[in-house]
Amino acid sequence: MIYRNFKDKKLSMLGFGTMRLPLKDGGKIDEEHTRRMVDFALENGVNYFDTAYPYHGGMSERIIGKILSEYPRESYYLATKYPGHMISEDYDPAATFEEQLQKCGVSYFDFYLLHNVYENSIKVYRDERWGIVDYFLKQRSIGRIKHLGFSSHGQTDNLRDFLDEYGKEMEFCQIQLNYLDYDFQNAKAKVEKLNELDIPVWVMEPLRGGRLCRLKDDEKKRLSMLDPDRTPQEWAFRFLQGVPGVTVILSGMSDLEQMKENIFILSKDQPLSSEETKAITDLAGEMVNKIALPCTACRYCVSHCPMGLDIPGLLALYNEHAFTEGGFIAPMALSAIPEDKQPSACIGCGSCEEVCPQQIHIPDVMEDFVERLNG
């Protein structure tokens, strides 16, 4: 197993993400299968386990805590998250934290994250009524949290805003990072900002929900010309090994075979060569360009929109939603936008289309976007 130094700790580069645990018929977590996965992980050098308050309807924390309790507390690192991203009328960080400790059966968390600081939830984390950040800083000061960080699916500007305010207190940051999103979701800029502040990077969605395991035949052929024996998963993980600042790569493994394969890949530190990196990022660009609209964010359209819509921003979210064939990223981002600035606010006048250098049929796209969002 590859290990990365973090302060006084050596963390396994592969972390066990427990958002997609194996299930029995009926949707309940298969506890025995999960136990075999945890046993194998610990036996083969994985020491980082990541859960969160809402995973599996709240049962992930309970099950993973129960299984890990069979091992010495110093033999693993346990991470969970505060659900400030779950928009509510009120928040009680103390009550939630005590509940999490009880569910996991521990007296402290090695790593604790503010869950998904994005355009809407950043207001929750900043709100003095709840005192969320101050509360968890206090828990860190008394040792009930060893290391405090945050995760984010937000846009780059949102990440920068949060870091400007709280960056000095955050010890690590978890972002969606893979070779496709390096450019598509501007993850490269996020990595550069975190490196600038010397904040280690935790990776989520290294395989983009499995899409990077399920390459199409022409995509596989491109990569096999460089190395016919390397699996799609290996290409994805070895790309991440070469990204500066990456410390932990979380994989939401759902069965023991996935665990075995990922441990095998991350047993050797073999980042991609410069030639291989160019090949994989070129492939990512082609994968996106087959579906995404060619908006260059010139913003000519914005000055001609009578509704004042941020058309380039909406087109970027449309591209994400179309490529992913759904998902939560676009709806999450749109939830922070006023109703009169949503895609549905487009009146179809066509003024934007007349000045678009890329000749994008913007009113048609906005109509399609609304239909996609409505299922």
Side-chain angles (χ1 to χ4, degrees), residues 3-12 15-19 46-55 58 60-69 71-86 88 91-118 121-122 124-153 159 162-163 165-175 194 197-204 245 247-248 250:
Y3 292 93
R4 291 287 186 256
N5 292 324
F6 176 81
K7 300 183 184 285
D8 60 340
K9 297 175 172 61
K10 286 188 177 296
L11 305 180
S12 57
F16 186 3
T18 63
M19 186 176 70
V46 175
N47 62 16
Y48 190 97
F49 296 82
D50 171 89
T51 184
Y53 189 82
Y55 290 175
S60 175
E61 287 180 325
R62 196 176 299 280
I63 295 296
I64 202 67
K66 177 182 177 182
I67 295 171
L68 287 173
S69 70
Y71 288 86
R73 183 64 182 87
E74 67 276 7
S75 66
Y76 61 86
Y77 300 116
L78 179 59
T80 193
K81 310 175 187 75
Y82 180 74
H85 67 303
M86 299 173 68
S88 175
Y91 299 86
D92 189 341
T96 300
F97 186 66
E98 296 299 337
E99 179 186 353
Q100 291 176 297
L101 290 169
Q102 186 273 329
K103 286 168 64 178
C104 292
V106 295
S107 59
Y108 66 90
F109 290 111
D110 302 281
F111 294 86
Y112 197 86
L113 297 86
L114 308 177
H115 200 164
N116 191 13
V117 178
Y118 74 100
S121 65
I122 191 171
V124 174
Y125 290 118
R126 283 172 162 166
D127 198 321
E128 294 182 359
R129 287 179 297 169
W130 319 126
I132 294 171
V133 176
D134 287 342
Y135 175 78
F136 290 116
L137 289 173
K138 174 65 174 179
Q139 299 313 302
R140 183 175 64 182
S141 73
I142 61 177
R144 299 213 296 170
I145 292 171
K146 302 303 180 184
H147 302 288
L148 182 63
F150 71 106
S151 66
S152 177
H153 282 286
L159 181 77
F162 188 76
L163 289 170
E165 190 165 356
Y166 297 112
K168 292 181 180 179
E169 302 293 353
M170 297 294 112
E171 298 176 77
F172 62 103
C173 176
Q174 189 166 302
I175 60 172
L194 293 168
L197 298 176
D198 199 26
I199 297 176
V201 177
W202 267 228
V203 174
M204 53 184 166
T247 302
V248 174
L250 294 167

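Everything quoted here is computed from the prediction, not taken from an experiment.
- In plain terms, the two heavy atoms of C173 and I199 that are nearest each other are N-CG2, 3.8 Å.
- Although no hydrogens or angles enter the test, the distance criterion places no donor-acceptor pair under 3.5 Å between the side chain of K146 and the main chain of R140.
- Between atom CG of residue L114 and atom NE2 of residue H85 there is a gap of 11.5 Å, rounded to the nearest 0.5 Å.
- Remark: side-chain polar atoms of T247 are paired, donor with acceptor, to backbone N or O of G245 under 3.5 angstrom.
- Between Y82 and F136, the ring planes lie tilted relative to each other; the angle falls in the 30° to 60° range.
- Contact annotation: the side chain of R73 approaches that of V106 to within less than 4.5 Å [non-hydrogen atoms, C-beta and beyond].
- In this structure a side-chain-to-backbone donor-acceptor pair under 3.5 Å is missing from S60 to M19.
- Not one N or O on the side chain of T96 forms a donor-acceptor pair closer than 3.5 Å with the backbone of P93.
- For N5, the CG atom is densely surrounded, since the number of other residues' heavy atoms within 6.0 Å is greater than 12.
- The shortest distance between side-chain heavy atoms of E61 and Y55 does not fall below 4.5 Å.
- Between W202 and F111, the ring-plane angle classifies as tilted under the 30° and 60° cut-offs.
- A cation-pi arrangement, defined by a distance under 6.0 Å to the six-membered ring centre and an angle within 45 degrees of its axis, is absent between R144 and Y112.
- G84 and Y125 make their closest contact through N-OH, 3.0 Å (heavy atoms, listed as atom of the first residue, atom of the second, distance).
- No donor-acceptor pair closer than 3.5 Å links the side chain of E171 to the backbone N or O of G149.
- Two residues are said to be in side-chain contact when any heavy atoms from C-beta on lie closer than 4.5 Å; F109 and Q139 fail this criterion.
- Using cut-offs of 30° and 60° for the angle between ring planes, the F6 and H147 rings count as perpendicular.
- Residues F150 and L163 form a side-chain contact, since some pair of their non-hydrogen atoms from C-beta on lies under 4.5 Å apart.
- For an aromatic pair to be called close, the ring centres must be under 6.0 Å apart, and Y76 with Y71 fails this.
- In K9, the NZ atom is crowded: over 12 heavy atoms of neighbouring residues, nucleotides or ligands sit closer than 6.0 Å.
- Residues Q174 and V203 have side chains not in contact (no heavy-atom distance under 4.5 Å, counting atoms from C-beta outward).
- Note: H115 NE2 to S152 OG = 10.5 Å, rounded to the nearest 0.5 Å.
- Closest heavy-atom contact between M86 and P54: SD-CB, 3.9 Å.
- Here OG1 of T51 is found 11.0 Å from CG of L113. Values are rounded to the nearest 0.5 Å.
- Figure legend: cation-pi geometry between K7 and F172 absent, as NZ or CZ is not positioned both under 6.0 Å from the six-membered ring centre and within 45° of its axis.
- Interatomic distance, S69 OG to I64 CD1, rounded to the nearest 0.5 Å: 10.5 Å.
- Of all heavy-atom pairs spanning A79 and Y48, the tightest one is CB-OH, 3.2 Å.
- A donor-acceptor contact shorter than 3.5 Å links the side chain of T18 to the backbone of D50.
- Between Y166 and R126 the shortest side-chain heavy-atom distance falls below 4.5 Å.
- Rounded to the nearest 0.5 angstrom, F49 CZ and T80 OG1 are separated by 14.0 Å.
- Rounded to the nearest 0.5 angstrom, I145 CD1 and Y108 OH are separated by 13.0 Å.
- Taking all atoms of both residues into account, the shortest heavy-atom contact from P72 to S75 is O-OG, 2.6 Å.
- Considering only heavy atoms from C-beta on, V133 stays 4.5 Å or farther from Y135 through its side chain.
- Proximity of H153 to M204: side-chain heavy atoms (C-beta onward) are separated by under 4.5 Å at one or more points.
- Side-chain atoms of N47 do not come within 3.5 Å of backbone N or O of Y77 as any donor-acceptor pair.
- Closest non-hydrogen pair, N116 versus S151, comes out as N-OG, 2.8 Å.
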